[in-house]
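Please read these numbers as outputs of a predicted model, since none were measured by experiment.
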Amino acid sequence: MSAYARESLPLASRRTLMLLLIALLHIALIYGFASGLGKQIIEAIPNAIQTHVIEVREQPLDQPVQLSNVKSMDFSQDSIPVPPITITVPPDELGPTTLITATTPSGSSAPVSPAVHRVPGDAGRDFPNVDDYYPSFSRTIGETGSTAVHVCVDVNGRLTAPPVVAKSSGFARLDGAALRVARAGSGHYRPTTEDGKPVLSCFDFGIQFVLTN
């Protein structure tokens, strides 16, 4: 019993000391709050989060360009005057194949082609005799007249298409006889020539029916 009492005394002393310290701490805290020390400590602690409001003003955009006072301008081709251009070439400098071009105000140019000597075709040598195709009844009743026939022939004087009446004589029998003469004359036409060379062409020629004694 005596040994147990000696071991338990230090433990009791430690507990008493701890209780005493706790009591003193409480007394100090109570005194601090009572004297306003706690308020000073709280005010000394800065706020963890501080919010700053920054006012941002929008910069005004550039003012749009006012076009109401700007006069419209017409840049079309017709509104721009273009003076005509005249080209003068001495006659002695022109060769047989020289082309002269003149620029028009619109900017277009057209070559001047040399003139072509053209001779229209007609009935040629050994062409059928018109009297051989004169309708007998037309002779009897005295029908006369001239029929214009449209024909197309090649360079050898042959028909390339059936002939047609271009202008009537006023009598159907004479017009029909004129077409027969034109068909019979295939191969006996004189073709159209250009600068002396025969070419494929179409032309009109007249067939006349006249009564003779």
Side-chain angles (χ1 to χ4, degrees), residues 74-213:
D74 186 6
F75 294 98
S76 61
Q77 185 176 2
D78 296 337
S79 64
I80 303 175
V82 179
I85 300 175
T86 304
I87 300 176
T88 304
V89 181
D92 55 353
E93 295 183 4
L94 295 178
T97 59
T98 302
L99 297 180
I100 302 175
T101 60
T103 303
T104 61
S106 61
S108 61
S109 60
V112 179
S113 301
V116 177
H117 182 62
R118 180 183 177 89
V119 178
D122 202 346
R125 182 181 298 180
D126 299 330
F127 197 80
N129 189 357
V130 176
D131 289 338
D132 296 339
Y133 293 88
Y134 204 138
S136 58
F137 186 73
S138 296
R139 288 177 183 271
T140 302
I141 62 178
E143 290 180 348
T144 60
S146 178
T147 302
V149 181
H150 182 78
V151 295
C152 295
V153 299
D154 59 12
V155 296
N156 296 317
R158 291 189 295 266
L159 291 173
T160 59
V164 295
V165 175
K167 183 178 179 181
S168 175
S169 63
F171 300 100
R173 280 182 292 270
L174 297 182
D175 293 340
L179 292 177
R180 290 193 293 273
V181 175
R183 287 193 293 268
S186 180
H188 301 284
Y189 289 97
R190 177 175 54 82
T192 300
T193 59
E194 292 182 356
D195 291 338
K197 296 180 181 180
V199 294
L200 179 69
S201 64
C202 298
F203 54 88
D204 296 345
F205 78 103
I207 299 177
Q208 189 174 10
F209 296 94
V210 180
L211 291 175
T212 59
N213 295 330

Original post:
If you round to the nearest 0.5 Å, how far is CD1 of I207 from CG of L179?
Top reply: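 Between atom CG of L179 and atom CD1 of I207 there are 7.5 Å.
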
Subject >> salt bridge (charged side-chain N to carboxylate O under 4.0 Å, His left out) involving R139 - partner list, sequence neighbours excluded >> reply: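 Checked R139 against salt bridge (charged side-chain N to carboxylate O under 4.0 Å, His left out); zero matches.
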
Identify the two heavy atoms, one from [X] and one from [Y], that lie closest to each other, and give their separation to 0.1 Å.
| X | Y | answer |
| --- | --- | --- |
| G142 | L211 | CA-CD1, 3.7 Å |
| A182 | V151 | CB-CG1, 4.3 Å |
| G145 | L174 | N-CD1, 3.8 Å |
| S168 | G170 | OG-N, 3.0 Å |
| V199 | P191 | O-CB, 4.3 Å |
| V149 | A178 | CG2-CB, 4.1 Å |

Original post:
Just checking, is any N or O donor in the side chain of D154 or T160 under 3.5 Å from an acceptor N or O on the other one?
Top reply: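 Absent: no donor and acceptor within the cut-off.
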
Original post:
Applying disulfide bond (SG atoms under 2.5 Å apart), which residue pairs with at least one partner in residues 154-211 are found, sequence neighbours left out?
Top reply: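 Only C152-C202 qualify under disulfide bond (SG atoms under 2.5 Å apart).
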
Original post:
Got a donor-acceptor contact below 3.5 angstrom from the N156 side chain to the R158 backbone?
Top reply: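 Not confirmed, N156 side chain does not pair with R158 backbone.
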
Subject >> Side chain S186, main chain L159, donor-acceptor under 3.5 Å >> reply: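 Present.
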
**OP:** Any pair with a residue in residues 189-209 that passes side chain to side chain donor-acceptor pair (under 3.5 Å), sequence neighbours left out, goes on the list, sorted by first then second residue, please.
**Re:**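 Found R118-E194, H150-D204, T192-S201.
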
**OP:** Pick out which of Y134, Y133, F171 makes a ring-ring contact (aromatic ring centres under 6.0 Å, His included) with F209.
**Re:**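 That would be Y134.
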
